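A short worksheet on the structure shown next.
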Amino acid sequence: FGIEFVSFGRRNPRHTMKFNQRMRSLLLTSVLVTSSVIFIVMIYRRFEMHELHAREKEYARTVLRGGAEIPLSHHPGQIPLTVVQHEQFIPQADVQRERLARLNTFCDRHPEFDTTLFEHLKKHGFFYNINQPYRTIECRVAKTGTSFRGRILWHAFHNETHPVVKYIHPYADRKVKKLNTIPLEEAELFLNNYEVYLFVREPIMRLISSYFDKIAGARENFARWLGQIGWRNKTIPTLGEYFHQLATKHLTNVHFRGFIQQCNPCITRYTFVARTESQTRDLEYLVVDRTDLWKSLIGTPIPAIYKEPSANITISTPGVFNDCQEEDILELIARNWAEYEAFGYNPDDILAYIK
């Protein structure tokens, strides 16, 4: 160690040399012992933290597994979808590779969807929610479980008590930063470095869910929702009449039109694509295995997640599809062709179910 210890009094070179050797050995031993103790403590603390995180992650999984399903009246799981059945037993990492590869293929085939990020965010940046502490961005698509995710991940976005009474609407939450509120350079930085994800849903089932929630089950702003689909009568339209309105008009409300333009996968670099049909599995993988969002679920109360179904009819009600016209369904499928191709849904599944 380059240290020389000299005995006091009469200097004896031999004694001084032996003394220095003993002191160096003692010092070396002390350093080694101290380093070993510190190393062991660090390993123990790391193991302890690993065990703690494992328990906390399991708690987060329990929370998600207990609440991530969609209300039965809107549940698309009743419809056998080819792509969902195909993905059911595939490891999640492989499922994501498959979904993202399909998006890349879609964008290669359709250059018409390629535009500038500036133009895209100028029109649709409001739909991108940024979570800087957890380094995530979600492009929110209406009727894919956004209200549920807004509730269950409330603490990931807010440092305050969860409002039990007030219903949280992700679009209207002004405390959540959106991509259209920051400079373009910062938005590009976030999109290139964060986990960027979206949830998608079978297009016709998504429109059916909008019907049950906003039309047949509307409790507030009833006339407003009817006006959004161009319905002038005071009576509630049947599902067939609703489909006809959507098929013959070009509506702008996000609940009643396709979503690929607002969450354009050919502009936004998505790192994770999830389905409403497999929300429990996909959300658990995203929150616990792909990000640190699980930390926001630890020690936080999660109140009732769902709204009670407000419509008197559901997708299981006998005769609910009786007045639906095939040409209207085919027109809506044609209008949503990009969603079907980009996300792997097969329109024959919904046609077979309705028939």
Side-chain angles (χ1 to χ4, degrees), residues 49-72 74-81 83-103 129-131 133-158 162 168 170 176 194-202 205-206 209 263 270-307 343-345:
M49 289 300 296
H50 177 76
E51 287 293 305
L52 177 62
H53 284 173
R55 290 194 298 270
E56 290 177 337
K57 284 186 175 183
E58 193 55 39
Y59 171 79
R61 292 183 196 276
T62 302
V63 171
L64 293 170
R65 289 170 184 169
E69 294 294 350
I70 305 167
L72 185 61
H74 306 291
H75 204 302
Q78 301 175 61
I79 297 179
L81 299 176
V83 67
V84 176
Q85 292 175 337
H86 164 70
E87 295 173 346
Q88 188 174 2
F89 301 106
I90 300 177
Q92 275 284 23
D94 295 335
V95 169
Q96 285 304 313
R97 277 191 287 270
E98 206 172 89
R99 292 174 183 174
L100 295 173
R102 186 183 291 113
L103 281 186
N129 282 7
I130 308 169
N131 190 320
Y134 296 98
R135 300 176 64 84
T136 64
I137 297 175
E138 178 183 6
C139 186
R140 292 188 177 273
V141 178
K143 304 313 302 176
T144 62
T146 55
S147 296
F148 162 75
R149 292 190 297 279
R151 265 197 181 276
I152 201 138
L153 296 177
W154 169 266
H155 292 283
F157 289 92
H158 305 82
H162 196 302
I168 304 165
V176 177
Y194 282 15
E195 184 83 75
V196 186
Y197 66 95
L198 82 163
F199 276 73
V200 299
R201 191 174 187 176
E202 202 284 332
M205 274 306 304
R206 182 172 159 269
S209 178
C263 295
Y270 288 104
T271 59
F272 192 91
V273 177
R275 299 188 190 280
T276 308
E277 294 85 359
S278 53
Q279 181 168 227
T280 302
R281 186 184 185 210
D282 290 351
L283 190 60
E284 180 183 330
Y285 185 61
L286 172 69
V287 170
V288 180
D289 299 306
R290 290 287 294 257
T291 69
D292 287 335
L293 285 168
W294 59 271
K295 294 179 180 178
S296 68
L297 301 179
I298 306 304
T300 57
I302 306 296
I305 300 298
Y306 309 116
K307 295 180 294 184
F343 301 106
Y345 291 106

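FYI, the numbering just counts along the sequence from 1. Model, not experiment: these values are computed from the prediction.
Side-chain contact annotation: Glu277 with Tyr345, donor-acceptor N/O pair under 3.5 Å present. Judged purely by distance below 3.5 Å, without hydrogens or angles, the side chains of Thr144 and Arg275 never pair a donor atom with an acceptor atom. Gln92 and Asp282 share a side-chain donor-acceptor pair at under 3.5 Å.
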Give the intermediate values and the outcome of side-chain contact (heavy atoms from CB on, under 4.5 Å) for residues Tyr194 and Tyr134.
CA-CA 9 Å; Tyr194 282 15; Tyr134 296 98; over 6 Å; no

Verdict with reasoning, Val273 to Leu198, per side-chain contact (heavy atoms from CB on, under 4.5 Å):
CA-CA 5 Å; Val273 177; Leu198 82 163; 4.0 Å; yes

Criterion side-chain contact (heavy atoms from CB on, under 4.5 Å) on Arg201 and Val141, from CA distance to verdict:
CA-CA 9 Å; Arg201 191 174 187 176; Val141 178; over 6 Å; no

Evaluation steps, side-chain contact (heavy atoms from CB on, under 4.5 Å), between Phe343 and Val83:
CA-CA 9 Å; Phe343 301 106; Val83 67; over 6 Å; no

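The side-chain heavy atoms of Phe199 and Leu283, taken from C-beta on, include a pair separated by under 4.5 Å.
Across every non-hydrogen atom of His155 and Ser296, the tightest pair is CB-O, 3.6 Å. Of all non-hydrogen atoms in Ile130 and Val176, the two that sit nearest each other are O-CG1, 4.2 Å. Of all the heavy atoms in Arg102 and Gly344, the pair that sits closest is CD-N, 3.4 Å.
Side chain of Asn129 to main chain of Cys139: no donor-acceptor pair is present (N/O by atom type, distance under 3.5 Å, no hydrogens or angles). A donor-acceptor contact shorter than 3.5 Å links the side chain of Tyr270 to the backbone of Cys263.
Atom CG of residue Leu293 and atom CD1 of residue Ile152 lie 11.5 Å apart, to the nearest 0.5 angstrom. Here the OG1 atom belonging to Thr136 is positioned 7.5 Å from the CG atom belonging to Leu286, to the nearest 0.5 angstrom. The NZ atom of Lys57 sits 10.5 Å away from atom CD1 of Ile298, with the distance rounded to the nearest 0.5 Å. Rounded to the nearest 0.5 angstrom, Glu98 CD and His86 NE2 are separated by 3.5 Å. We find the CG-CZ distance between Leu153 and Phe148 to be 7.5 Å, quoted to the nearest 0.5 Å. Between the CD atom of Glu284 and the CD atom of Gln279 there is a distance of 12.0 Å, given to the nearest 0.5 Å.
Comment: Arg135 does not engage Glu195 in a salt bridge, judged by the lack of any side-chain N to carboxylate O separation of less than 4.0 angstrom. Salt-bridge annotation for Glu87 and Arg99: present, with a side-chain N of the basic residue lying under 4.0 Å from a carboxylate O of the acidic one.
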